[in-house]
Structures are given as structure tokens and as C-alpha cells.
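Comments concern the structure below.
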Amino acid sequence: MVNTTIDLGRGLVLRNPVMTASGTFGYGEEYTDFVDLAQLGGIIVKGTTLHPREGNPYPRMAETPSGMLNCVGLQNKGVQYFIDTIYPRIKDFDTNVLLNLSGSTLEDYVKGAEMVNELEKLPAIELNVSCPNVKQGGMAFGVTTTGISQVVSEVRKVYHKHLMVKLSPNVTNIAEIALAAEAAGADSVSLINTLMGMAIDAEKRKPKLSVITGGLSGACVKPVALRMVWQVAKAVKIPVVGLGGISNATDAVEFMLAGASAIEIGTANFIDPAVSAKVAVGITDYCKRFGFQSVIELIGALEC
Amino acid sequence: MVNTTIDLGRGLVLRNPVMTASGTFGYGEEYTDFVDLAQLGGIIVKGTTLHPREGNPYPRMAETPSGMLNCVGLQNKGVQYFIDTIYPRIKDFDTNVLLNLSGSTLEDYVKGAEMVNELEKLPAIELNVSCPNVKQGGMAFGVTTTGISQVVSEVRKVYHKHLMVKLSPNVTNIAEIALAAEAAGADSVSLINTLMGMAIDAEKRKPKLSVITGGLSGACVKPVALRMVWQVAKAVKIPVVGLGGISNATDAVEFMLAGASAIEIGTANFIDPAVSAKVAVGITDYCKRFGFQSVIELIGALEC
Amino acid sequence: MKQVTDFILVEKRDYGRSVLLRLRAETTLPDIVPGQFVQVRVDGSPNTYLRRPISIHDVDFGNNEITLLVQQVGEGTRHLAAAKEGDIINVVLPLGNGFSFPEKGERCLLVGGGIGIAPLYFFAKVLGKKGIQPVLLLGGKTETDLIRLADYQQLGDAFVTTEDGSLGEKGFVTMHSVWTERQFDKIYVCGPKPMMKAVAKLAAETDAWCEVSLENLMACGLGACLCCVEDTVDGHVCVCKEGPVFNTRRLKW
Amino acid sequence: MKQVTDFILVEKRDYGRSVLLRLRAETTLPDIVPGQFVQVRVDGSPNTYLRRPISIHDVDFGNNEITLLVQQVGEGTRHLAAAKEGDIINVVLPLGNGFSFPEKGERCLLVGGGIGIAPLYFFAKVLGKKGIQPVLLLGGKTETDLIRLADYQQLGDAFVTTEDGSLGEKGFVTMHSVWTERQFDKIYVCGPKPMMKAVAKLAAETDAWCEVSLENLMACGLGACLCCVEDTVDGHVCVCKEGPVFNTRRLKW
Ligand SMILES: Cc1cc2nc3c(=O)[nH]c(=O)nc-3n(C[C@H](O)[C@H](O)[C@H](O)COP(=O)(O)OP(=O)(O)OC[C@H]3O[C@@H](n4cnc5c(N)ncnc54)[C@H](O)[C@@H]3O)c2cc1C
Ligand SMILES: Cc1cc2nc3c(=O)[nH]c(=O)nc-3n(C[C@H](O)[C@H](O)[C@H](O)COP(=O)(O)OP(=O)(O)OC[C@H]3O[C@@H](n4cnc5c(N)ncnc54)[C@H](O)[C@@H]3O)c2cc1C
Ligand SMILES: Cc1cc2nc3c(=O)[nH]c(=O)nc-3n(C[C@H](O)[C@H](O)[C@H](O)COP(=O)(O)O)c2cc1C
Ligand SMILES: Cc1cc2nc3c(=O)[nH]c(=O)nc-3n(C[C@H](O)[C@H](O)[C@H](O)COP(=O)(O)O)c2cc1C
Ligand code: FES
Ligand code: FES
């Protein structure tokens, strides 16, 4: 028997290291025909902002080599709607439900975090300070150490459960940003959010996305994500949650070897809606094959 | 007839917008069986440093989804060897031959540039301040505005021909870096160099590259490269040379629409050693099909 | 209930730019209603990363078979069209909501343009079974675009337009004489957006109720990613989940 | 002169984990010498971005044919092995330097391990034509690894080892009795690195001259990218261009 439990700290204990990434798994409900959510460590719901947002105009996605761009732009009905309407529907899922909290102003983040602090069945928020798809998507906070310190420490003051901070890869020095988040009180960091990219229709001489640029995700970003997870895991003491292009159990193991304590699956859910549960099984199989008693032994086990 | 000439300024005039990227086309000689170099706007030779370098240990490459990582680490025989032995062999190629000048210290860059300043048939250097694969590969210069200002302005003092500065994509704000290069006297900027990435062999629990991290290139990086070219072209007044994942003429046209005055082809040369000449033909065909008289009309012609 | 299923390609018919793919599952099919679609994984196509949404053209519940009609427009559909009988094709189904059924006695017109005729086949067939004989109006650029015309003609009165006049009346579907000669209570449309908009306008002018099937770019197909949105009176809604069939009154056209 | 050529797969023979692919060009083949290799583009394999280096197993200049022996180790070689007769396979050739030819009268041993036997076939054939009969020593894990053994036996005295003893002498090639029974002037080796190192050591002990064919990871195959380097007495050199065949004295083993 392999022990698959991962304790990310401050009450966030995962049944196994596999979570689903925000914006790619809806509210979990969309996937229950394919995945028994009890087989997952957690699900992270769609990016939610204090106030409702209509998101960007269509078209919002473009396929790219081994990946895709999106510019959804944080379409959501706001934190209050989440609390009133969505939370009651999903709170009894037999897995950890995390809210991905996005924002544009410091006040929005703080207000939002405060509002969900008391939700009994919501053990953590993933603070999204890295959305590249809206002008005020928080990426301004996510790309400087001062920005991230500020938003994390303010949210920390009002939010008393597990505070995971999601980092942007669109930076010169990701370790520095992660250290700032840690110093400001983050319980864990998750990375990467999408890389900012662009696609052009040469025939029409127009951008393929309504707002010109978007976030790149999928298998193509894996090498960059893995490098950043490795850099951050070496730098910080808090747990690191790795994501970016994970498509199968081998990919997931690679992220854990690089130093991730848990992982998230994003775009791959679109290609195989049952992939998340398969990855969880596959990690256990890997441990069995190599004689690891606990998935914890994989964390940072890369021999350099 | 389509006019394909591109004048990048200060004496660097290309027969057409297509060049080959440093480190992917050797010294041109390796490709003469496949490509008539007279069909290219220019070739940019392997990254050359003042002193000879053995580069990194094997293994130096790993395949990734729609791309590859490399950590060659600037293996080369030094500027003097280039001048004495390679330059005489390649100077009479019927195309522009550019030297990619890499370095680790300011003095090395300046010394190297000075040494090649008088080479009659070398109209330009591409200053590589962005190699992610060696500790002192110049990336330290390439990721801050002060670093880039310093190296470009010092080299500018001694180098009187076309000075192209190759930018690193591993930065928070590429436009800012490009503006600093422009202000310091660059005649053009080329981008992107490789994105820093990593690959792991899960079976062996070891990095796939000898020095752990390497540079990501190939089709997978195209969305990021295109976005950065677009951002930089909007910001600077000097010509922008676009590269990163260009695999065919459509890709090349996309970079020009995004604002590039010329393009470079890198990793794609490995997949089809004849691709560079095909791209040159394909750009002309595109112009004919849409009634453009000159490739110049493509530059920045994106309708946003 | 939705499922991911490996189907076997049991029959492929070539219609030039389009192919018909008859797929058989080893397991029982879920419930499927006309207008729903599937997401097909395209194997062996290096530049096709995401699944491709394709309408359900026909269903044979007895044999656990679905039929797709695929038009080759890019690398993904080209690879699908190159599949060989016996190949495994991985499909997520059924997705989206179908057409709403008319009341008995209501006069229905089904308008299809180009490959947009695909979902109308299954719809017309089911309508027939319910005792409703629809009128079909099918348009194409040229004769060869009108795939399976004889089969469609079995399902109701079928009228045709081609832009080059090679078959039926010359022109667009909106120019066909059936519009002046007959009256309809409900109009169902699938085809290129400009065509659907034109038909929607005609429908509005004759006070007919009108449903269209949209083809927005999709990633998940499940209502999870919010990529496929259409602007409606209720804001941005997902075509994959709340559509692909919409009453035109809901759309901000 | 190197070229990129579309070949037609005219014959495929299945040897379990390995396949033999006979490829015919429509144009005249360039000069090719034993020990050279090709870079094959693997179509329809989404995770194979770069070409794959494969040794030239045999050449038929008269029919413009080359033959490859491909062992399935990953997705790229699996896709190659799945190619069907009539398929087009795009190849860059010829690459690298071949084995150096022995002088007449020199006693040659060709040692192949696993799929490393591939280039030795063409080499032994050409040696034979030059009037030099090589001795062949071929090793595998088990019997079925020794592909085309009867054909190899036509080209010289052929000895076999298998790790499980299912064919020939049991053990590694370096343990075969031929080493004690015969003397060789020149030894040519291709196989897994540990095997090549062991043979090189044996060769050095008997003062024999020894050439090995290396299989470093490659990107360009043309000496342009410097990815495939081996550490030699002259520093890092490209296996694709200065090799794949090296005299062991040059290597820092
Ligand atoms: C609900 C739904 C049902 C569909 N039903 C069918 C069907 O029954 N038969 C069929 O042949 N096709 C159908 N389509 C369209 C089909 O999904 C696309 O043609 C296919 O995804 C194109 O993939 P590709 O790789 O061949 O082309 P790509 O290389 O992806 O694209 C080629 C060109 O087609 C355009 N394109 C791609 N997808 C769409 C789209 N969804 N709408 C408009 N333009 C697009 C691209 O912008 C590009 O210009 C349906 C689409 C949807 C959303
Ligand atoms: C000069 C040369 C000649 C060769 N000749 C032949 C031949 O005649 N027949 C043949 O079957 N193979 C030959 N090879 C090896 C062949 O190139 C690899 O097996 C192939 O590239 C693997 O591709 P893949 O996509 O199947 O496997 P991948 O998925 O790329 O890799 C699968 C596994 O094999 C390992 N691997 C991949 N390539 C190599 C390599 N070059 N050396 C060692 N390990 C590797 C990987 O690290 C991985 O563990 C030759 C290689 C070289 C460099
Ligand atoms: C369609 C789409 C929507 C996304 N929405 C969000 C979001 O709302 N909040 C967030 O933090 N990340 C969002 N992301 C980013 C993913 O959570 C993830 O960080 C990224 O896609 C990289 O992982 P992947 O390559 O596994 O998809 C979104 C990604 C996609 C593809
Ligand atoms: C094997 C390899 C070696 C490279 N060496 C250099 C180099 O010496 N100097 C340099 O400026 N860039 C070097 N590059 C980067 C390329 O010139 C180019 O910037 C990058 O690969 C992105 O373009 P591509 O995706 O078209 O390959 C190298 C890239 C590769 C793949
Ligand atoms: S395609 Fe993902 S929500 Fe419709
Ligand atoms: S593979 Fe590029 S130099 Fe050898």
C-alpha cells in the first residue's frame, strides 16, 4: 500500500497529490460523469472575482502547437453568487474544494477572501495574482515582489485558512516572487499560470483572440513550468504545487521530483475528461513500481 | 514582381527577410547541400565568445512537446579562430554573414566586437545577451535594463557597423528591455532567444540535460515569441527581427504582421534542412496572393 | 450521462471534401437527442491538440452506432477523413442540448447550409418517427455539396439551392421560392453564420419561431472552460453546454 | 552530397520488436559508405518533433534502395515500425562518416550488440566485395534479438552470444570463445555503450585497433547544432559529423 496523503499545511490535507486547475474543470460538476471526485486530492474552481465579470468577447481561444491560448478574461458571477448559489451545490463533494480568487484591486482581493473565510467546507483559496487575460487581472501584483508582498500580506490578515498563492511565469525571477509570497504569509505557492502569448490568422491578418493576447497552456509549456517549479522549490520552505502541461502520471511524477508537493491538471482535462483520476492512479503505480511507500518520497527526489 | 528587399539600417540590407538563427545553422557550410545561400537574406553563425569554450557536457538536448531543449553552452573556438579560420571560408557566401557574439563579461563583448569591426564582409553582429545555458552567458545583462544599456552602449562605442541585439524572453517586461537596447545605440533587436526550461527522466529520476536546465525552442514557443515581437515592435522605432518557432512561410508572415522587419529560422532547420529557402519563396507567394508589392507592406500590418 | 468511448470505424463513405463515418461502440450508447454533438480525439495529427466538435448526423441505438459527417477544412478534419475502417476513434458524447421538438401539427422547416446539413438528418428522422413531416431546405455552393440528398428526400419534402445553379434553385437558401409558397411555424437552421443570420431575419419577418445551431470554437465541450461563448440576452453563455442550439430571440444578432 | 528525399516503403519485414524497412527513391542515390546513417522524419507521431537517426543497414544502388532496421524503443520508432508498404518516408542522407576500411589481409572482427548489428550488414557486404571476409560476432539478450542471422552468416564466419543462452554461447559478446581462439587486427563495434566499452577494453588488451559507432542523441544530424558531442582527446566533437564511427583511441572512455 502506498500512502498518497499530502498535507499542505494549515488544514489543507489532500487524499492524493492530484488537483484540477482553475478554469479548466468548471465547478467540478461538469466532470462528474467522467471522474469520481473522491479520487482527487482537490478541485480548484473557476477564477472568481469580487464583482461579476462578463469576461472578454469571443473568440477566446486558439489552438497552438501542443497547446492552446485562452483569453476568457475571468468570466464569473462574483464571490457573492459563488457563496449563495455554487458553494451549496458543491460543498459536499468528497474532495477538497478550493476557490481561485482573482481580482483587480487590493480591496477586491481582501474583501473576497474575507467573504469566503467562514465557508466551512472551503479549506483554502488559491490567490490568482497572475491572470494575463484582463487588464486588471492581478498580474500587476504577480510580477513584482512588492506587489505580491502587498496583496498576500493584506489577504493574510483576513483569511485564516490555507492561503495558496498562484504565481505568474511571466517574470524574470520566479524564485524571488515566490520568496516574497512566502515572507508575506502564503501557506503554499502554485505555479505556473499561463504564459502570455499571441496567435495571428495570416489569411485574415487579424489576431485570433478578441483581445489580441492570451494565456498559453498545455503540453508545450511543461518544460518552462518544470524549470520554474524546480527553481521555486529550491528557494522556498512552504509546499509548492506544480502545474503546467501535465498530461499523464509521468508528467506529474516529474513535477514532484522537481520539488512539487502536489500538482494540478489543467488543459489536459479538455483532451481526456477522465485524465485527473488516471493520473492519481498512475502516481501510485509509479510508487509501487519503484518501491516508494509514500508519495512524499517523490517530492524533490531528483538526483542532480 | 514582389520587392523582397529589407534594409535594416546602417548598411545591413537583406535580399529578403529570411535569416537563419545562431546555433542552428552552423557556419552555413553544413547546409549548402540543401539550400542555396543566395536565396537567404542572411545567415547568423554559431554563438562566438572571445575565448574558446568547450561548452557543457553531454547530454545537451531533450525533445519536448513540439520543441526541444538544448544546453550546448556556447561551444566555440573563440573570436580569433573565427577571424583566422572560419571567416575566410564563409566570407564570400552570396548572402549576409552575421556573427552572433556572446560573452560573459563586459570586456569580452567589447573586445570581441572590436576584433570583428574591420572584417569587410561581416556587415553586422548579433549581440547575444541572452544565452540561458551558461552561468556567464550574458543573460545577466539581458534581463535588466541597466545591464543591457551598459553592454550595448559599450559595444556601440567600438563597433561601427550594424549592431543587432538579441533579447532574452525570460523577462517580465520585454518592451522595456528593448527600449533600453534602442536607447543605448542598438540598430535593431532580434527576439526571442530560448525560454529557460527543464526536462526530467522520471524512470531514472535524473534531469535529461547535463546542466539540468536548458533553452526551449521550436514550434512550442511561437505564441510567446509572437507576443513579444508584437510588444517590442509597438515600443521601439528600430527594426525588429522576429524568431521563435518559425517553421514555414505562414509563421514567418505572422511575425512580420506582428511587426518584425525580418525573421530568423532556428530549430526548424533540423526538421527540414531546406526550410529556410522555402520560407523565403513562401513569403513572396503570400505577397503575390494578396497583392502586396513589397514585403515591407507586411511589417506590422496586423489589423487589431 | 456523458462518456468517453472508443468507437470502431465500421464504414466510411467518401463524398469528396466530406466523409461519412459510421462508428460502432462495444458498449451501450447513452441517450442522444437530435442536435447534440460529440468531441472527437484526432489521433496521429501532430498539429491537432484539442478534440474536434462534430454534430451527430445519425444514431442507430440498436447497433450502438453513431454516424458523423465530416468536412475537411483543416488538419484535424483531414486526419479524421483519412481514418480507415477498423480504426479506433475516441469520442466524448453526447454534448450540448438538442433542437426543441415542435408540437404536433406545427409546420417545420429545417434549413441546412454546407456541412450544416449534418445534424438535420437525425433530427428529420426523429421528427418523422414522431409523426411530424418536416420540410427540408438544403443549400450548397454547388451540386456536390449536397451530400446524401436522396436520403434526405426520404425524410420530408426537400428543396435545394446552389450558388452556381448546378442543382435546385440558383442562389442562397433565403432566396428559395419555398419561402413565398409556404408558411412555417418553426424554423431550425444549421450552417454558416451569415446564412443562419439571414434565415433568422426571414423567420422574424414571417413571425416564425427560429432555432439555430452554432459552431463556436471549443476547447472542453463541457461548459467548463468558457471559451465557446456567444453573446446572448443573458450575457455570455457557453455554446457547448447551453447550446449549440439557440432560439434566435436569445441571441444578440 | 547530402539530400532530403522522399522514399517509398516498398517492403516491410516484421521481426517482433524490430522491423526491416526497404525504401526506394525515385531519384538516384548519393554515394553511401558503410557506417553512415540517415535522419528519418516520423510523420503522424504527435510527440516526435525531431528526426530520428537510423543506421544504413543495406544499400542497393541499382534500384535506388536503402534498407533500415528499426527497433521500437519509443513513440518515434513505434510509428516508423507502423508504416505501411506504399507509405512515403522522408529521409535526410547520407550522414556522418563510415567505418575505415581495413588493408587487404588484415583480420577483421565485426561485433554487434542488439540493434547495433544494423550497420554491420552493409559493412560486411562491402568488405566481402573487396575480398575481405570478416568474422562476425553478434550478441543479443535472447534468440529473437538476432535478426537476419542466416543472412549475416552468408557474409563471413558468424558467432553468436545470448544472455539467456537461447542461441550460441551464453553470456555477453566479450565472453565468447572466439576471443581466445582467434586473433584480430581490426575490430569494429556497434551496440549499447557498456558493450562497446567492454569490447574496446578487450581490443586494447590484445593491441587490436578498434572502431566503434556511437549513438548519441541528435537534433540536426549535420554538425550544426553541437548537441551530439562526445568527449574526445580533441575536446567535444560532433558524433553526427565527425562520427558516428570513432577510433577508440580518440575517445575519453
Ligand atoms: C457544435 C459543433 C458541431 C459541429 N459539427 C460539425 C459537423 O457535423 N461536421 C463538420 O465537418 N464540422 C462540424 N463542426 C466544425 C468542426 O468542428 C471544425 O470544422 C473542425 O473543428 C475544424 O478542425 P480542423 O483541425 O480541420 O481545422 P483547423 O485547422 O482547426 O481550422 C481550419 C479553419 O477552420 C476554422 N474553424 C475551425 N473550427 C471552426 C468552427 N468550429 N467554426 C468555424 N470555423 C472553424 C478555423 O478558424 C480555420 O480557419 C462543428 C462545430 C461545432 C462547434
Ligand atoms: C547514428 C545513430 C544510428 C542509429 N541507428 C539505429 C538503427 O539502425 N536502428 C535503430 O533501431 N536505432 C538506431 N539508433 C537509435 C535511434 O535513433 C533511437 O532508438 C530513436 O531515436 C529513438 O526514438 P523514439 O522516438 O522511438 O524513442 P524516444 O521516445 O525518443 O526514446 C525512448 C528511449 O530511448 C532513449 N533513446 C532515444 N534515442 C537514443 C539514442 N540515440 N541513444 C540512446 N538512447 C536513446 C531515450 O532516452 C528514451 O529512454 C541510432 C542512433 C544514432 C545516433
Ligand atoms: C481556459 C482556461 C481558463 C483558465 N482560467 C483560469 C482562472 O480562472 N484562474 C486561474 O488561476 N488560472 C486559470 N487558468 C490557468 C490554469 O489554471 C493553469 O494555470 C494553466 O492552464 C497551466 O496549466 P495547464 O498547462 O495544465 O493547463 C485557465 C486556463 C485555461 C486553459
Ligand atoms: C541547439 C541550439 C543552439 C543555439 N545556440 C545559440 C547561440 O549560440 N547563440 C544564440 O544567440 N542563440 C542560440 N540558439 C537560439 C536560437 O538562435 C533561437 O533564438 C531559438 O532557438 C528560438 O528560435 P527557434 O524556435 O526558431 O529555434 C540556439 C538554439 C538551439 C536550438
Ligand atoms: S468549450 Fe469549454 S465551455 Fe464550451
Ligand atoms: S546532431 Fe547537431 S551537431 Fe550533431
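Proteins come first, then strands; the chains are lettered A, B, ... in the order of their sequence lines, and each starts at number 1.
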A:K206, NZ atom: more than 12 neighbouring heavy atoms under 6.0 Å: no
Residues of residues 75-97 of chain A contacting chain C, heavy-atom criterion under 4.5 Å, by residue number: A:Q75
Residues, nucleotides or ligands: over 12 heavy atoms within 6.0 Å of C:F172 CZ: no
Salt bridge present between C:R52 and A:E63 (N-O < 4.0 angstrom): yes
Atom CD of C:E205 with >12 non-hydrogen neighbours under 6.0 angstrom: yes
Exceeds 12 heavy-atom contacts within 6.0 angstrom, atom NZ of A:K121: yes
Contact listing (chain A partner; residues 209-237 of chain C; heavy atom under 4.5 Å): C:N216, C:L217, C:M218, C:A219, C:C220, C:L222, C:G223, C:A224, C:C225, C:L226, C:C227, C:C228, C:V229, C:G235, C:H236
Atom group of A:T32 that falls short of 4.5 Å from chain C, counting heavy atoms: neither
Proximity breakdown for A:A62 and chain C, heavy-atom pairs closer than 4.5 Å: neither
Closest non-hydrogen atom pair, A:F34 against C:K2: CZ-CB, 3.4 Å
Donor-acceptor contact below 3.5 Å, side chain C:Y49 vs main chain A:I271: no
Atom group of A:Y27 that falls short of 4.5 Å from chain C, counting heavy atoms: neither
Option in C:L50, C:V92, C:V4, C:T48 with maximal non-hydrogen atom pairs under 4.5 Å from chain A: C:L50
